[in-house]
Amino acid sequence: MKFIIANWKSHKNVNETKEWLNTFLQYEYIQKPTNIRIIICPPFSLLSYVKEKTLEYPHLNVGAQDISQYPEGAYTGEMNGKSLQGLADYVIIGHSERRMYQKENDEICLQKYSRALEFGLIPIYCISSIQQPIPKNAQFVAYEPIESIGSGNPQNIDSVVTFYHNLAQKPKTAFIYGGSVNQSNINSYLNNSIIDGVLIGTASLSPTTFYSLIDSFLQKK
Ligand code: PGA
């Protein structure tokens, strides 16, 4: 089983999401189950819509891009774990853009990790360097080197594998790579037995492009 995760970041409104899904859901490998699991992570405001539209596709899941470190309570604007229940199956935690723009440090990310577990969400815990701590027993760990995100400069497979071998603690379920994954390099990652999935930003924004990556993998193009 390989995981292909779409991180839409802060892109799309309802109409654009509708168009994306209308196109994407009609593709062959989306209609019939395969040995991949696709996790779509839209902005919070679109979670409900995406969840509803993808319910009947057993190999499609929905993920949130973040979760509050606080519980339910007087925290205006926060999206806590309880509010995500039923809307998301997975949650991305500690993406380097949040660490950078929202000043989330390791302590906050680890709190968010605990909140996710409390509410039955599966955390996809992102790190960009070997120094960043990983929660004990983390199921999904995503290696997201900052210089490769959105830059068109992906890490080569050897450096991703080396990063994995240097991890003091290996993820229980899946080791994910993210950073400029595209149609021409996706197989170099997914064909490697160490790598269980990819996290895709830019190339997930167009349903056609995103599907072409999936198709490349499944057809071994
Ligand atoms: P990218 O983003 O595919 O645009 O490089 C990856 C990420 O941020 O996870």
Side-chain angles (χ1 to χ4, degrees), residues 2-12 16-17 20 24 36-44 46-47 50 61-67 88-104 106 108-109 112-113 116 121-130 132 134 138-157 159-161 163-164 167 171 173-192 194-217:
K2 298 280 182 179
F3 296 86
I4 301 185
I5 308 167
N7 177 11
W8 288 358
K9 308 191 178 183
S10 192
H11 288 279
K12 300 196 188 299
E16 289 165 335
T17 301
W20 193 99
F24 187 71
I36 54 169
R37 180 156 293 277
I38 299 164
I39 305 171
I40 304 170
C41 304
F44 284 134
L46 299 163
L47 279 174
V50 175
N61 284 104
V62 177
Q65 297 173 17
D66 181 38
I67 181 173
D89 314 295
Y90 294 79
V91 57
I92 298 172
I93 293 176
H95 191 281
S96 60
E97 286 156 9
R98 293 207 60 84
R99 291 180 190 256
M100 180 164 57
Y101 297 119
Q102 316 305 327
K103 309 277 179 275
E104 292 183 4
D106 292 330
I108 292 174
C109 293
K112 289 179 177 227
Y113 178 85
L121 299 157
I122 302 172
I124 300 168
Y125 199 85
C126 301
I127 53 170
S128 56
S129 89
I130 208 82
Q132 286 167 339
I134 296 172
Q139 284 188 54
F140 286 74
V141 172
Y143 171 41
E144 298 248 323
I146 292 173
E147 65 276 15
S148 295
I149 295 178
S151 65
N153 293 317
Q155 297 292 305
N156 65 37
I157 179 67
S159 66
V160 180
V161 169
F163 186 90
Y164 174 85
L167 283 175
T173 307
F175 177 62
I176 310 285
Y177 168 74
S180 297
V181 175
N182 60 33
Q183 193 189 348
S184 50
N185 64 26
I186 187 167
N187 284 338
S188 70
Y189 303 111
L190 292 185
N191 287 344
N192 190 295
I194 299 273
I195 299 176
D196 303 291
V198 285
L199 205 154
I200 302 167
T202 313
S204 73
L205 294 176
S206 144
T208 320
T209 307
F210 186 52
Y211 186 74
S212 73
L213 272 69
I214 295 169
D215 193 46
S216 283
F217 171 62

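Read the numbers this way: they start at 1 and go in the same order the structure lists the ligands and their atoms.
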Checklist entry - Taking the six-membered ring for Trp, is the centroid-to-centroid distance between Tyr177 and Phe163 below 6.0 Å? => result no
Checklist outcome for this item: Sequence neighbours excluded, the answer for salt bridge (charged side-chain N to carboxylate O under 4.0 Å, His left out) partners of Lys2 is none
Starting from the N and O atoms of ligand 1, collect every protein N/O partner closer than 3.5 Å and put each pair on its own line with the distance to 0.1 Å.
| from | atom 1 | to | atom 2 | distance (Å) |
| --- | --- | --- | --- | --- |
| ligand 1 | 2 (O) | Lys9 | NZ | 3.3 |
| ligand 1 | 3 (O) | Gly201 | N | 2.9 |
| ligand 1 | 4 (O) | Thr202 | N | 2.9 |
| ligand 1 | 4 (O) | Thr202 | OG1 | 2.4 |
| ligand 1 | 5 (O) | Gly150 | N | 2.6 |
| ligand 1 | 5 (O) | Ser180 | N | 2.8 |
| ligand 1 | 8 (O) | Lys9 | NZ | 2.7 |
| ligand 1 | 8 (O) | His95 | NE2 | 2.7 |
| ligand 1 | 9 (O) | His95 | NE2 | 3.3 |
| ligand 1 | 9 (O) | Glu144 | OE1 | 2.8 |
| ligand 1 | 9 (O) | Glu144 | OE2 | 3.0 |

Next on the checklist: Once side-chain contact (heavy atoms from CB on, under 4.5 Å) is applied, do any residues pair with Thr17, and if so which ones, sequence neighbours excluded?
Outcome noted: Trp8, Lys12, Leu21, Leu46, Tyr49, Val50
Item to check | Residue list, side-chain contact (heavy atoms from CB on, under 4.5 Å) with Pro207, at least two apart or on another chain | outcome: Trp20, Thr23, Phe24
Next on the checklist: Between Ser148 and Asn153 (side chain of the first, backbone of the second, donor and acceptor by atom type, cut-off under 3.5 Å), is there such a pair?
Outcome noted: yes
Checklist entry - Is the backbone of Phe175 close enough, under 3.5 Å, to the side chain of Asp196 for a donor and an acceptor to pair up by distance? => result yes
